[in-house]
Number of protein chains: 2
Amino acid sequence: MENMNIKKLAKELNLSVSTVSKALHDSYEIKAETKEKVLALAKQLNYQPNPFASSLRRNSSKTIAVVIPEIAHNFFSLVINGIESIAEELKYHVLIYITHEIPEKEEQIIRHLLNGRVDGILISSSGTSNNNAHYHELVQKGIPFVFFDRANFDVDAPRVTTDDYQAGFQATEHLIKSQCKHFAFLSLSNQMSAINHRKDGFLAALKQYQIEPSHVHIIEAGTDETLSFQIIRDFLQPLPVSLGIFSSVEKLAIQTYHICKEIDIMIPKQLKIISFSNLPTAALLNPALSTLTQPAFSIGKEAALLLFQSIKNKGKIQPITTLPNVVLKSTLFIRESTKM
Amino acid sequence: MENMNIKKLAKELNLSVSTVSKALHDSYEIKAETKEKVLALAKQLNYQPNPFASSLRRNSSKTIAVVIPEIAHNFFSLVINGIESIAEELKYHVLIYITHEIPEKEEQIIRHLLNGRVDGILISSSGTSNNNAHYHELVQKGIPFVFFDRANFDVDAPRVTTDDYQAGFQATEHLIKSQCKHFAFLSLSNQMSAINHRKDGFLAALKQYQIEPSHVHIIEAGTDETLSFQIIRDFLQPLPVSLGIFSSVEKLAIQTYHICKEIDIMIPKQLKIISFSNLPTAALLNPALSTLTQPAFSIGKEAALLLFQSIKNKGKIQPITTLPNVVLKSTLFIRESTKM
DNA sequence: ATGAAAGCGCTAACAT
DNA sequence: ATGTTAGCGCTTTCAT
């Protein structure tokens, strides 16, 4: 009796497979007494339905995929937590795929998932806007998907993002009010929508407060670590007076922090930094950094909820013209010591 | 032509399904010319084999599960990265399950996985040693699994852990050499093997350096946050002279850090802290903390490699009496400022 | 080198 | 209320 299956279970009970199957699914066709008997023996013999047989038959996998650029950012860990909390409740399984920020990798993963392994996908895009054929294939195949954090705005899919414009504006306003005179925006790339929205907020705030344009610096540090160190270092020498830096990502803020140590710039006396950060620990421990924290767990939850809604609605006529687009706000943590 | 399948593909090619299947699997029975034709059309029509059909038929899922207590620790994120790097290479899929440190949850997940959904499982145990029936069921079912980080030593399964004893010894030695006179060990629970090994290392170092036993303090702070804050606060008032704290987990070190701020204890002047930490950022940013960093990525990799080896060897006669037990070392980061 | 056919375990439409 | 049966899409044994 190596592996239990519904056939053996049925034989043991002197019932037909279909009766057993119905009983296990609590069908109204089966009388209570039979159900009890079936459930009891199933439990006793430790019967577990084969998930692949039922997936094959029902054409549904009870599984979703999460496709993310990196997991070793606390942000994505928290998002996965949020996703898992919903999936667990709905008895769905969660597959993780990591693209390592390589667009081709993402394409490959998404293309693979066209095979029906999952009922839906949550994506934080690693791609640039010029490549979205694979998303369209998902649409064509009828596989629901939801973007979170990094959305591709050329694709008609629900999105869950943070209000990066607002956060950028708020962060910059904070620097302005802390008596900064020069303002720098540290960017990873001008291809990432979230980062660009942060920049837009940054620029809008500076404009509203009528900051002299020559005092505004946009630093494209890029993703290569050695290079970005050099670019930031070059920018800081010579140091603009009363510089306020808004770092669009934590990594660049930390690099800046190290460079300042290296070339003896005092934070926050000579230089103020405010950065996005989803490492609560870092934010709490380091007195030199004001941070913008994204509601990562909620993003995961919201995205999962939207996805499950789409999965449920699949096939139904959907008169939705405007796709759901959830925008959540970041939280600004200001440390006292950033005041000059 | 909604969904491609092997039947339609075969019809299109005027071949039988079996020939097509063999061609797709590069069987030696099929001549090169035919293979090419099949592959070409498969690509053109974007044919993707149904994973559930083949899983059902082959009784293998090309999927592994990772069961962890929490994902929002950087440690586990890094481990997953390591796991994913191997799984990706071997074209395996990775399912994530989070137990939230609830042993019953872990049991439930493991029991569910007895249904064959995965070919193997990587577990960081949330359970106490008195409950391991579910692990034995895995053994019975022949589902390979590997423990990482938190192992259950009563179960005969491969383990990948860090040398916590050695790390504990090293950390404590560092405190001793920094002229500390009193020594405290901050523990979450005395039920977790890793933490206990750290404690053993701590005690062994103190013994070797002949530290007066009355100067040794074991603080069981527990997992409840409010409670642990209170327990640590109580311990620090009044403050033992030249206290060196070895925190078995980062969370308690951070709590201690905050309490010190709150009740005006100067770190590292009045109090030194050394802690396990897998948040490189925190370690880099905070000058008050010396840290022990676990080789998380390698742990994930090693664990995955062991698992895939077990999966491969399944069914074969295995004369292994001593199970593989990989022990990796943590890295000690000492910040200058912790020297008094 | 290719094909026919059985069957993995389950579900559901259709009897009875 | 219960049973019979076809078939989901694939792999594989056994012909040819």
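Proteins come first, then strands; the chains are lettered A, B, ... in the order of their sequence lines, and each starts at number 1.
- Remark: B/Glu84 engages no residue in a salt bridge (Lys or Arg N to Asp or Glu O under 4.0 Å) (not counting sequence neighbours).
- Distance B/Lys11 NZ to D/dG9 C1': 15 Å, rounded to the nearest Å.
- We find that B/Glu107 and B/Arg111 are joined by a salt bridge, their nearest charged nitrogen and carboxylate oxygen being less than 4.0 Å apart.
- One can place CZ of A/Arg117 at 21 Å from P of D/dC8, the figure rounded to the nearest angstrom.
- Summarising the geometry, the separation between CG on B/Leu24 and C1' on C/dT2 is reported as 15 Å, rounded to the nearest angstrom.
- Between the A/Gln48 side chain and the B/Leu114 main chain, no donor and acceptor come within less than 3.5 Å of each other.
- Across the protein-nucleic acid pair, B/Glu29 atom CD and D/dT13 atom P stand 10 Å apart, rounded to whole Å.
- In this structure, A/Phe76 and A/His73 have parallel ring planes: the angle between them is below the 30° cut-off, well short of the 60° mark.
- Whole-Å rounding puts the B/Lys37 NZ to C/dA1 C1' distance at 12 Å.
- Contacts of A/Ser60 classified as side-chain hydrogen bond (donor to acceptor under 3.5 Å, both in side chains), with partners at least two apart in sequence or in another chain: none.
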**Study point:** Letter per nucleotide, 5' to 3', of nucleotides 4-10 of chain C [B base touched, S only sugar-phosphate touched, - untouched; heavy atoms, 4.0 Å]
**Key:** BBBBBBB

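- If you measure from atom CD of A/Glu36 to atom C1' of D/dA1, you get 15 Å, rounded to the nearest angstrom.
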Practice item. Before giving the answer on side chain to side chain donor-acceptor pair (under 3.5 Å), spell out for A/Lys141 and B/Asn3 the whole-Å C-alpha distance, their side-chain angles and the decisive distance to 0.1 Å. Key: CA-CA 8 Å; A/Lys141 265 268 182 177; B/Asn3 258 315; 2.6 Å; yes

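- The residue A/Ser55 sits apart from the nucleic acid: no heavy atom pair falls under 4.0 Å.
- Atom pair A/Asn59:CG and D/dG9:P shows a separation of 7 Å (rounding to whole Å applied).
- To the nearest angstrom, P of C/dA1 lies 11 Å from CD of B/Glu33.
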